[in-house]
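Report on the following structure.
Side chains are part of it too, since the values below use all heavy atoms of this structure and drop only hydrogens, waters and symmetry mates.
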Amino acid sequence: MRWFLLIIGAAVFIDIHSSATAAQRLPASAYLSTTYYLKSCPSFETIIHQKVNAWVKKDYTLAPAIIRLHFHDCAVRGCDASILLNRPNSERTAEASKTLRGFGLIDDIKAEVEKKCPKTVSCADILTAAARDATVLAGGPFWEVPFGRKDGKISVAREANTVPQGYENVTSLLNFFDKMGLTFVDLVVLSGSHTIGRSTCAAVKERLYNFRGTGKADPSMNAAYVSSLKKQCGLESNYVNFDVSTPRSFDAAYYTNLGKKMGLLSTDQLLYSDVRTAGVVGLMGSQAEFFKDQFLVSMVKLGNVNVLTGKNQGEVRLNCNRLNA
């Protein structure tokens, strides 16, 4: 009987130990939940929807701007709202961040949320949900956002400058996404957010006038498209649409434009010509609804990148611009 009890005891110990080890191996995103604020701040998502809707109605370009802001946040140290910290040498001050917009909208949401649910909702969760609502308002898909992210305390400008700027090769892009735990499919699909939005002419100046020091335009660009862009880009500060055909519609035209050599950035056009990504570009371009379905999948993955969920990780900022005192 004693040996039987010893065996049972050992089995229980092994089972408990195995469960504890498995728990330790769970990714931080496993602790996020769509019901995280169900009791502590039930009106949280309603506030975000109302605010995003009001701001985007006044300026439709804020929809792609918020999606971009979310990407830049998650691309550096994960989705921890570190891009929102407004202090010297922070990510927000980096060269790669100088054209980011939407900070005022996030501040407006945070102020209202703090009135209803003080010290409860993180800026990281607000930005993630705002990116979802911005996508929907632009005509994109809806998805349930899991919550529970904490706000990071570290924000370094030089790290923000590692975010792709539109001139990298596909290998560099794939490596960058791989470090975030994202795949070549996610790269192509998330690039599809360029179906809406704009870029400054400064970002395409070299492609138009002096590609790789040749004194000529990038030969991979449609000649008529080059001519059109030159007319729009009298000043480097001018804006041009990523999608030349349907810039306000969340559709698959971005991908079909690549087939016509009308990708605005080098990183856009290279997705079409590189064998590692061309197949996905073709698939998305030919099946608009599939693109939308895959977009929500990739956005959920993006929103879960290196999140802070532990008790001793991060904080819930009272003001998204600065750390708590």
Side-chain angles (χ1 to χ4, degrees), residues 28-29 31-32 36-37 40-41 43-52 54-56 58-59 62-134 145-163 180 302-325:
S29 59
Y31 298 97
L32 301 177
Y36 189 83
Y37 295 115
S40 61
C41 195
S43 60
F44 160 60
E45 289 192 85
T46 299
I47 293 171
I48 291 182
H49 173 71
Q50 292 174 344
K51 290 293 185 181
V52 173
W55 280 66
V56 171
K58 294 178 182 177
D59 181 1
L62 275 175
I66 288 295
I67 297 171
R68 183 181 178 221
L69 186 61
H70 175 53
F71 175 80
H72 275 249
D73 180 43
C74 297
V76 182
R77 291 184 174 270
C79 307
D80 65 350
S82 53
I83 191 65
L84 303 179
L85 287 172
N86 192 6
R87 64 188 188 191
N89 300 314
S90 67
E91 293 171 29
R92 189 165 169 174
T93 68
E95 182 69 17
S97 305
K98 68 179 183 179
T99 57
L100 292 178
R101 301 168 56 234
F103 297 102
L105 168 55
I106 302 302
D107 288 341
D108 190 25
I109 294 171
K110 179 62 171 175
E112 187 65 25
V113 169
E114 282 299 308
K115 290 179 184 177
K116 297 292 173 91
C117 318
K119 305 177 181 180
T120 302
V121 180
S122 71
C123 299
D125 278 343
I126 288 174
L127 180 53
T128 304
R132 185 272 311 277
D133 284 6
V145 175
F147 299 115
R149 299 165 188 78
K150 298 290 181 62
D151 299 323
K153 298 181 179 182
I154 300 172
S155 185
V156 183
R158 72 173 185 277
E159 294 181 353
N161 283 325
T162 65
V163 178
M180 290 195 289
L302 174 66
N304 291 349
V305 171
N306 295 328
V307 292
L308 303 175
T309 56
K311 290 183 179 179
N312 299 317
Q313 291 184 313
E315 62 183 9
V316 174
R317 277 182 229 146
L318 304 183
N319 184 312
C320 295
N321 294 273
R322 56 179 179 267
L323 299 178
N324 295 340

Contact summary for [X] and [Y], nearest pair of heavy atoms:
X	Y	value
A96	H72	O-CE1, 3.5 Å
A130	I106	CB-CD1, 4.0 Å
A81	A124	CB-N, 3.6 Å
K110	N319	CE-N, 4.3 Å
A129	I48	CB-CD1, 3.6 Å
A160	S97	CB-OG, 4.0 Å

Determine whether more than 12 heavy atoms belonging to other residues, nucleotides or ligands lie under 6.0 Å from atom NE2 of H49. no
Answer yes or no: is there a side-chain heavy-atom contact under 4.5 Å between [X] and [Y]?
X	Y	value
V121	V316	no
N304	R149	yes
P88	T93	no
L100	R68	yes
N306	M180	no
L84	L69	yes
R87	L323	yes
N86	R322	no

NZ/NE/NH1/NH2 to OD/OE distance under 4.0 Å, R101 and D59: yes
At what distance, to the nearest 0.5 angstrom, does [atom1] of [X] lie from [atom2] of [Y]?
X	Y	atom1	atom2	answer
F71	I83	CZ	CD1	11.5 Å
E112	D107	CD	CG	13.5 Å
D80	R317	CG	CZ	7.0 Å
D125	D151	CG	CG	8.0 Å
I67	L127	CD1	CG	11.0 Å
N161	E91	CG	CD	10.0 Å

[X] side chain to [Y] main-chain N or O, any donor-acceptor pair under 3.5 Å?
X	Y	result
T309	Y31	no
E315	K150	no
T120	P118	yes

Taking it one step at a time, do S155 and R92 satisfy side-chain contact (heavy atoms from CB on, under 4.5 Å)? CA-CA 8 Å; S155 185; R92 189 165 169 174; over 6 Å; no
Which label fits F147 and Y37: parallel for a plane angle under 30°, tilted from 30 to 60°, or perpendicular past 60°? tilted
